[in-house]
Amino acid sequence: MSLSVPRRTAAVAVLALAGLLGAAAPATAAAPSAAAVGPLAAPDIPVANVKAHLTQFQSIASANGGNRAHGRPGYRASLDYAKAKLDAAGYTTTVQQFSSNGATGYNLVADWPGGDPDDVLMAGAHLDSVSSGPGINDNGSGSAGVLETALAVSRAQLEPTKHLRFAWWGAEELGLVGSRHYVNTMPSAERSKISGYLNFDMIGSPNPGYFVYDDDPVLEATLKDYFAGIGVPTEIETEGDGRSDHANFKNAGIPVGGLFTGAGRYKSSAQAAKWGGTAGQAFDRCYHRSCDTTSNIDDTALDRNSDAIAHAVWTLGAEPTTPPDGDVYENTADVSIPDYGAAVTSSVTVTGRAGNAPSALRVGVDIKHTWRGDLVIDLVAPDGSAYRLKNASGGDSADNVIETYTVNASDETANGTWQLRVQDVARWDTGYVDSFRLTF
Ligand code: DTR
Ligand code: CA
Ligand code: ZN
Ligand code: ZN
């Protein structure tokens, strides 16, 4: 069915603010009780608390063969440690089992009671290490940062608009296994309630960079804003696509974001000039090695990133998720894309708009297609002008293109038939256009 229906949505910031403070503000707002009032701004996350969790993870690894890997006792002991903290803090915790490589794996999921059950904000980290070491930076750091943020939510007795859910994944090092199990076994009706997933995998690298995932623009901006606020420049994370747990959420069409301080790649001179540290040396020389211990952490990076996690949870948790302001024109008809064949199109017809299209026209693309590197994608304006959205990239073997592109279409008249043109330019792998959306 093809829809070209403008849909205007209204912002509900005032209600969101009230939501953060407690129940929606009644006509004659009673003074909120102390327990009901959560701080408007995120609290500082004490890095000493985060490091205390890392010390526990280190002790657990030392007592269990030197690692916290999937299928080994150190992993389950790490999970039990975090679960006990969360249970004591008032969370509803769930341990989800799965099998991988002939061993039982476990995810830990912690729900903070309250908030809109149909609008879930998630933050997660993989809890497992490789078998060759304790995995304190990879990824005790992300696990501890998320854990301490969850405990800060409890300390504040936060009442956010959204429902908050935190997760610690098993068997990420075996191929994002635990988070894939979580996403794939979740009923689609539940999955559609997740309005965003934030991933934190390596946030304390000893020679740190400050990288922000460039997936969902709202999540990206929220995390970048934090660092801008403390005067720390950031870069877009380029090596992480598909390499951590957010990939499974993204493949399911859920907006994702996250932070990263670097792994085996070397810090450049330009990066050392802006971030400090050592040029020509890896961000983390102990990545996947036995020396990834509590001494393999930069406290400042761990502190800043933990505070950024809290900033994102407080900020995004306070806002109901509504589609971006604007009129939406959408075509949800599936269009099959022939393998290594002719281009196909999905179109929307825009009417009743004066003048030209905006300089920041949002183009929502949802294409289900294995090995998305085969695909060339263009936006074609009513007069036939083509705007390249995506080039073919042979090596990109990941699935699906679920993106919102921003196009400067100010030279184009708004009214008329706009087309999404897609061509598969390499053999094997097929797919289809699931939906095409323009937001003015
Ligand atoms: N943390 C690594 C995976 C990884 C490597 N580079 C990035 C960039 C962004 C996120 C994750 C990664 C691991 O778990 O092996
Ligand atoms: Ca802090
Ligand atoms: Zn790893
Ligand atoms: Zn990792």
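Computation of the quantities below employed the complete heavy-atom set of this structure, encompassing side-chain atoms and omitting hydrogens, waters and symmetry-equivalent molecules. Numbering starts at 1 and runs along the sequence shown. Each ligand, and each atom within it, is numbered from 1 in the order the structure gives. These numbers come from a predicted model, not from an experiment.
Of all protein N/O/S atoms, those lying under 2.8 Å from the Zn ion (ligand 3) come to 4.
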If you look only at distance, which donor and acceptor atoms sit under 3.5 Å apart when one is on a side chain in residues 92-106 and the other is two or more places apart or in another chain?
| unit_1 | atom_1 | unit_2 | atom_2 | d |
| --- | --- | --- | --- | --- |
| Thr93 | OG1 | Lys83 | NZ | 3.4 |
| Thr93 | OG1 | Asp87 | OD1 | 2.6 |
| Gln96 | OE1 | Asn107 | ND2 | 2.9 |

Exercise answer: donor-acceptor pairs, residues 274-283 side-chain atoms, under 3.5 Å, sequence neighbours excluded:
| unit_1 | atom_1 | unit_2 | atom_2 | d |
| --- | --- | --- | --- | --- |
| Lys274 | NZ | Glu235 | OE2 | 2.6 |
| Trp275 | NE1 | Pro233 | O | 2.8 |

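Between Lys250 and Asp215, at least one side-chain nitrogen of the basic residue sits less than 4.0 Å from a carboxylate oxygen of the acidic one, meeting the salt-bridge criterion. Here Arg243 does not pair with Glu172 in a salt bridge; the nearest charged N to carboxylate O distance is not below 4.0 Å. A salt bridge does not link Lys162 with Asp116: every distance from a Lys NZ or Arg NE/NH1/NH2 to an Asp or Glu carboxylate oxygen is 4.0 Å or more.
Figure legend: cation-pi geometry between Arg68 and Phe57, with NZ or CZ positioned under 6.0 Å from the six-membered ring centre and within 45° of its axis.
We find the OH-CD distance between Tyr182 and Glu190 to be 8.5 Å, quoted to the nearest 0.5 Å.
For Phe249 and Trp169, the gap between ring centers is short of 6.0 Å. Two rings, from His246 and Tyr197, have their centers 6.0 Å or more apart.
Listed by chain and residue number, the protein contacts of ligand 1 are His126, Asp138, Glu172, Glu173, Asp201, Met202, Tyr213, Glu237, Glu239, Gly240, Arg243, Ser244, Phe260, Tyr287, His288 (heavy atom within 4.0 angstrom).
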